[in-house]
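First the structure, in the form of structure tokens, and then the observations on it.
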Amino acid sequence: MPDSKGVLVHAEIADGKLCAIATEMLGCGRKLASALGQELAAVLIGSGVSNNAQEAIAFGADKVYVIDDPTLADYRTDAYVSVMEKLAKQVTPQVILLGQTSTGRDLAPRLAFRLNTAATLDCIALDIDPSSKRLLQTKPVYGGNAQAVFTCDTDPQIATVRSKAMSALPQDASRKGEVITIAAGLDASAIRTTVLNKVKEQVAGIKLEDASVVVSGGRGIGGAEGFKQLAELAQALKGAIGASRPACDSGWVSDACQVGLTGKLVAPDIYIAVGISGSSQHLAGCTGAKTIIAFNKDPDANIFKVAHYGVVGDWKVTLPAFTKKVKELVSG
Amino acid sequence: MNIIVCAKQVIDPEAPPASFKVEANKVMPPAGVPPVISPFDESAVEAALKLKDAKGGKVTVLSLGTNLLRDVVKKPLSMGADELVLLEDPAFAEGDSYSIAYALSLAIKKIGAFDLILCGRQAADWDSGQVGLGVAEILGLPSITLARKIEVTDSKAKVERINPDGYDVIEISLPALITVSNEIGAPRYPTMKGIMAAKRKEPVVWKPADIGADPARLGRRAKLVKLFQPVREGKVEIITGETPEEAGAKLALKLREIKVL
Ligand SMILES: Cc1cc2nc3c(=O)[nH]c(=O)nc-3n(C[C@H](O)[C@H](O)[C@H](O)COP(=O)(O)OP(=O)(O)OC[C@H]3O[C@@H](n4cnc5c(N)ncnc54)[C@H](O)[C@@H]3O)c2cc1C
Ligand SMILES: Nc1ncnc2c1ncn2[C@@H]1O[C@H](COP(=O)(O)O)[C@@H](O)[C@H]1O
């Protein structure tokens, strides 16, 4: 596509607002668009999403495409790939950014295959190569043990972006932009999945992704009982409970508590890892924390390579003493 | 029911992080640590075997690569899979998600009839997360990613798809492609009977020509510019005390002192 031009951001909406990742991608998209000397567009897909067009402009978009249709209320692969394909062929962007979300990680690869191009998922940095003007896509690989930079010679260059990896621009309600409505034009019979039900797993207390303190437990906790002690500490610090994968797989805590490459990405002020060895896949989800504290009986555990403070010993002894002192300090 | 599972041999992702080395844009296999079937692909095998337990049928495993160690790639057979097809050739060495999905799709067409294709949610080497969706796109199949449960009734499957807040229950028409996550449940251990059967079973090995692959399409679309290990300038302060209890309490005081608390 020699005539490809512009950067297009798929901006997801939840609870009537642009998702944080959408604003972060608009911030990054703005930077890429100016490096290319091109426009930044956003696309809103869903049912009842038209109202968010001005919000996307306020966060940096020059143009907003709105594909608003009741059949797009739930994310369904066939429907979303079809409208994105149609839009991509009409707009011919050079770069398409999507969030590394449940939607983006499903949509981006299929879209890339459909458009005969390539996608790079879970990017943490995106830049324009000054000489070739191609998109440099940096993503963690091998569970976070390494990072790879990819480019692709075909347009559109498609990338999904990890949450909290880029910064949003300050919202500017006075920005002006163009809003273009596009008909979904979907053939309902070509959508081969039906969403029957959406199940929310309630986790009590503060939402893990938003918490300023996260207390996480791993295999070393040994059972659901031990997590009660972590909950006590989390409560004293007004924090949330996290976990490594084995703790979730063993059913000690809800799967929704998993932190890491294939779990949640958290960036709290304080991350407390108890009985967690610090595998690269776990660290992928928590190294954005300002202060990392580790409780582990093994002085050589990898977690101590990233932690700022640590205590070596059996957590069953060290943690209660810590919790007791913390309670004194925060109440006193 | 005919199920095809795509399973990749990878460097053991649970090898100690300190053993991980990159040289000249290539990952050096850690000495003395054998490769494994990518963990999510074992989850996909487990999902297939669960369906076979419930419905009967045949599970065929497909692995593409170079230097495929028979002991490693036969593990799904020892868990209870029925057939193993290997796409093994130096021509596959430089592939990416695009060429791999292309070659796997050709092999699947050659295998023939199937109701379901299962993949892992992402391979534990490049964490690319694309091959399954690519196969679905090339074969024109509907797909669902990130499954934690799969139930098949007649010509449909009911799938629980993980999302950050829980899961969605989605119905899909068969044949279809589904990618599987570890929440499906721990992969079963090989049984003695399974290990014996796997020893006796010779995999079918196909070369690019056997599946009619166009050599021009076995190259990469995503060009690797650079591969590097991020530097972590870790400097941990270990808090000690006369007793472990004292160390715990002193850590709290330290955090107060530096105003983290
Ligand atoms: C592709 C892929 C994706 C993955 N994604 C994730 C992910 O998102 N999140 C994740 O967490 N993992 C993930 N994993 C799994 C990961 O590789 C590790 O297996 C996992 O993180 C290890 O969890 P852990 O630290 O709790 O357990 P272990 O590695 O077993 O560590 C337990 C630790 O507890 C310590 N300990 C034991 N008893 C005590 C005690 N009494 N007091 C103090 N310390 C004690 C031990 O010294 C040890 O360091 C993934 C793996 C793969 C292959
Ligand atoms: N070389 C391969 N051989 C067999 N299956 C593969 C191969 N590469 C990828 N897959 C399948 O596709 C899934 C996703 O891989 P990836 O896109 O590389 O992360 C894996 O979990 C496997 O199920």
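We name chains A, B, ... by the order of the sequence lines, and we start the count at 1 in each one.
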Report task. For residues B/Ile238 and A/Val311, determine if any side-chain heavy atom of one lies less than 4.5 Å from a side-chain heavy atom of the other. Result -> no
**Report entry** Side chain / backbone / both / neither for B/Glu160 at chain A, heavy atoms under 4.5 Å
**Finding:** neither
Requested in this report: Evaluate the ring planes of A/Tyr142 and B/Phe20, with Trp represented by its six-membered ring, and classify them as parallel (under 30°), tilted (30 to 60°) or perpendicular (over 60°).
Outcome: tilted
Query - A/Lys264 versus chain B, the contacting section by heavy-atom distance below 4.5 Å - result: side chain
Report task. Please tell me if the side chains of B/Arg221 and A/Cys152 come closer than 4.5 Å, counting only heavy atoms from C-beta onward. Result -> no
Report summary line: Note: vs chain A, highest number of non-hydrogen pairs under 4.5 angstrom among B/Leu261, B/Asn163, B/Leu251 is B/Leu251
Query - Atom group of A/Glu328 that falls short of 4.5 Å from chain B, counting heavy atoms - result: neither
Report task. Measure distances from A/Leu283 to the heavy atoms of chain B and classify the residue's part below 4.5 Å as side chain, backbone, both or neither. Result -> side chain
Report summary line: Cut-off 4.5 Å, heavy atoms of chain A, and the answer for B/Lys235 is backbone
**Report entry** Check: B/Glu245 and A/Lys324 side chains under 4.5 Å, non-hydrogen atoms
**Finding:** no
Report summary line: When rounded to the nearest 0.5 Å, the distance separating CG of A/Leu136 from NZ of B/Lys226 is 9.5 Å
Requested in this report: Evaluate the side-chain proximity of B/Ile258 to A/Tyr309: yes if any heavy-atom separation is below 4.5 Å, no if none is.
Outcome: yes
Report task. Please test B/Arg148 against A/Glu201 for salt bridge (charged side-chain N to carboxylate O under 4.0 Å, His left out), starting from the C-alpha separation and ending with a verdict. Result -> CA-CA 14 Å; B/Arg148 50 165 255 168; A/Glu201 289 192 330; 3.5 Å; yes
Query raised in the report: Top residue by heavy-atom pair count (under 4.5 Å) with chain A, among B/Pro16, B/Ala157, B/Gly166?
Result: B/Gly166
Query raised in the report: Is any side-chain heavy atom of B/Leu253 closer than 4.5 Å to a side-chain heavy atom of A/Lys325?
Result: yes
Query raised in the report: Where does B/Val27 contact chain A at under 4.5 Å (heavy atoms): side chain, backbone, both or neither?
Result: side chain
Query raised in the report: Of the backbone (N, CA, C, O) and the side chain (C-beta and beyond), which part of B/Lys156 lies under 4.5 Å from a heavy atom of chain A, both, or neither?
Result: neither
Query raised in the report: Which atoms form the tightest heavy-atom contact between A/Phe113 and B/Ser97, and what is the distance?
Result: CZ-O, 3.8 Å
Report task. Against chain B, label A/Ile292 side chain, backbone, both or neither, depending on which of its atoms sit under 4.5 Å from a heavy atom there. Result -> neither
Query raised in the report: What are the two closest heavy atoms between A/Phe322 and B/Gly248, and how far apart are they?
Result: CD1-O, 3.3 Å
Query raised in the report: Side chains of B/Asp127 and A/Lys139: closer than 4.5 Å at any heavy-atom pair?
Result: yes
Query - Heavy-atom pair of closest approach, residues B/Pro244 and A/Thr318 - result: O-CG2, 3.5 Å
Query raised in the report: Roughly how far, to the nearest 0.5 Å, is OG1 of A/Thr160 from CD of B/Gln130?
Result: 8.0 Å
Requested in this report: Pick one of side chain, backbone, both or neither for B/Lys250, based on which atoms fall under 4.5 Å of a heavy atom in chain A.
Outcome: neither
Requested in this report: Considering only heavy atoms and a distance below 4.5 Å, find which of B/Ser143, B/Ala124, B/Ala18 pairs most often with chain A.
Outcome: B/Ser143
Query - Residue among B/Ala101, B/Ala123, B/Pro13 with most heavy-atom pairs under 4.5 Å to chain A - result: B/Pro13
Query raised in the report: Does a side-chain heavy-atom distance below 4.5 Å link B/Lys223 with A/Asp153?
Result: yes
**Report entry** Approximate separation, where rounding is to 0.5 Å, of B/Ser173 OG and A/Ile191 CD1
**Finding:** 12.0 Å
Query raised in the report: How many angstroms lie between CG in B/Leu255 and NE2 in A/His308, if you round to the nearest 0.5 Å?
Result: 11.5 Å
Query raised in the report: Do you know which two heavy atoms are closest between B/Pro230 and A/Ala146, and how far apart they sit?
Result: CD-CA, 3.9 Å
Query - Portion of A/Thr262 that has a non-hydrogen atom of chain B nearer than 4.5 angstrom - result: both
Report summary line: From the list B/Asn25, B/Ile172, B/Leu224, B/Thr179, the residue making the most non-hydrogen contacts under 4.5 Å with chain A is B/Leu224
Requested in this report: For A/Ser102 and B/Pro164, work out which heavy atoms get closest and say how close.
Outcome: OG-CD, 3.3 Å
Query raised in the report: Between A/Asp106 and B/Arg161, is there a side-chain N and carboxylate O pair less than 4.0 Å apart?
Result: yes
Report task. Go through the atoms of A/Gln258 and report whether side chain, backbone, both or neither lie under 4.5 Å from a heavy atom of chain B. Result -> side chain
Requested in this report: Just do the side chain to side chain contact (heavy atoms under 4.5 Å, CB included) check on B/Asp165 and A/Lys198 with the steps written out, would you?
Outcome: CA-CA 10 Å; B/Asp165 305 315; A/Lys198 289 171 169 277; over 6 Å; no
Report summary line: Given B/Val10, B/Ile138, B/Leu141, B/Val22, the one with more heavy-atom pairs under 4.5 angstrom with chain A than any other is B/Leu141
**Report entry** Residue part contacting chain B, namely of A/Lys290, when any heavy atom lies under 4.5 Å
**Finding:** neither
Query raised in the report: Are the side chains of A/Val199 and B/Asp168 in touch, meaning some heavy atoms are under 4.5 Å apart?
Result: no
Query raised in the report: Which bit of B/Thr145 comes within less than 4.5 Å of chain A, counting heavy atoms only: side chain, backbone, both or neither?
Result: both
Query raised in the report: Should the pair A/Arg76-B/Glu171 be classified as a salt bridge under the 4.0 Å nitrogen-to-oxygen rule?
Result: no
**Report entry** Segment of A/Asp300 engaging chain B (4.5 angstrom heavy-atom cut-off)
**Finding:** neither
Report summary line: For A/Asp78 and B/Pro142, the nearest pair of non-hydrogen atoms, with its separation, is OD2-CB, 4.4 Å
